[in-house]
Visitor: 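Please read through the structure below; I'll follow up with questions.
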Amino acid sequence: MKLEIEVRATTEEVVEAAAKLFVQVAQQSVRERGRFLVALSGGSTPRALHQKLASEEYRKQIDWENTEIFFGDERAVASDDERSNARMARESLLDSVPVPPHNVHFMRGAATDLNDAAREYGLLLQEVGSLDLILLGMGDDGHTASLFPHSPQLQEAKHRCVATPVSPTEPFLPRLTMTFPFLNSARNVLILVTGKSKAERISQVLPLVKSSTRNAEELPITNVQPEGTLTWLLDEVAGSLTGL
Ligand code: 6PG
């Protein structure tokens with residue numbers, strides 16, 4: 001694994017740096033393999049990144065015809081529910097860029113049987129193999145995607161690409177999530193963390209990340225150690241207790 005930890009002064013600068021990395025990986029993937037496979041994430045900073053990518057300046061630098069969009073996680077709600085990651089992605093990005101609809105692979109959060117939806121999405125992921133880029137955020141408790149501390153799915157998830165945990169925090173919903181083995185098979189993972197509420201957790205997490213130590217039970221995000229490149233992008237406030 002190649003590790004990069006970058007700190008920017010403001011959230012806006014984090015979003016800008018993330019958009020540049022997104023474009024760079026997209027262009028390189030299309031050049032080398034003819035397509036760009038990316039997984040989006042829920043969360044507030046990803047929403048700002050989507051909006052940046054949809055802007056004129058960035059939109060035109062991406063070959064949307066050859067871009068395939070996946071989701072790292074989804075909440076068990078209807079696709080028009082305001083808690084749906086699919087809805088957030090449509091409103092902030094997908095409705096504003098020329099990505100062909102059949103290139104967008106939503107997780108079926110509204111399925112009556114979530115396990116079926118997980119199996120089906122897992123098969124799709126197995127077919128495509130590794131993704132070029134997976135975007136992730138970190139919750140205040142150290143979760144990522146929908147892999148929560150002390151959740152039984154951390155174990156169960158070892159053998160599957162997609163698991164069905166229940167969020168122990170608001171909103172207390174069942175979810176679908178990519179699992180660690182799949183996240184860690186990616187060529188690039190980009191973790192975006194901004195804001196004061198993350199500072200303390202970041203001060204526990206980053207020393208482990210730097211020494212490649214995993215504490216999946218208590219700090220699930222430390223288990224993200226992909227085969228390719230891992231980039232952490234933080235704003236100064238989130239990194240303020242770590243001496244970065
Ligand atoms: C979700 C996410 C989740 C998120 C983090 C950080 O759908 O809830 O995928 O893992 O990325 O909780 O979210 P913020 O960026 O909003 O803090």
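Treat the numbers as computed from the prediction; the structure is a model and nothing was measured. One is the number of the first residue; the rest follow in order along the sequence. Counting starts at 1 for both ligands and their atoms, in listed order.
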Visitor: Taking the six-membered ring for Trp, is the centroid-to-centroid distance between Phe36 and Phe22 below 6.0 Å?
Guide: yes
Visitor: Who passes side-chain hydrogen bond (donor to acceptor under 3.5 Å, both in side chains) against Asn85, sequence neighbours left out?
Guide: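 Once residues adjacent in sequence are excluded, the partners of Asn85 under the side-chain hydrogen bond (donor to acceptor under 3.5 Å, both in side chains) criterion are Asp73.
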Visitor: In terms of heavy-atom contacts, does CD of Glu200 have more than 12 from other residues, nucleotides or ligands at under 6.0 Å?
Guide: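 No.
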Visitor: Measuring from each atom of ligand 1, which residues have a heavy atom under 4.0 Å away?
Guide: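 For ligand 1, the contacting residues are Ser41, Gly42, Gly43, Ser44, Thr45, Asp73, Arg75, Asn85, Gly137, Met138, Gly139, His143, Thr144, Ala145, Arg175, Lys198.
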Visitor: Regarding Glu16 and Tyr58, is there a side-chain donor-to-acceptor distance under 3.5 Å anywhere?
Guide: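 Yes.
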Visitor: Please tabulate, for side-chain N and O atoms in residues 123-137, each donor-acceptor pair with protein atoms closer than 3.5 Å (sequence neighbours left out).
Guide:
residue	atom	partner	partner atom	Å
Ser130	OG	Ser185	O	3.2
Asp132	OD1	Arg33	NE	3.4
Asp132	OD1	Arg33	NH2	2.7
Asp132	OD1	Arg187	NH1	2.7
Asp132	OD2	Leu37	N	2.8

Visitor: Can you run down the salt bridge (Lys or Arg N to Asp or Glu O under 4.0 Å) pairs that involve residues 57-70, sequence neighbours left out, and say none if there aren't any?
Guide: Glu56-Arg59
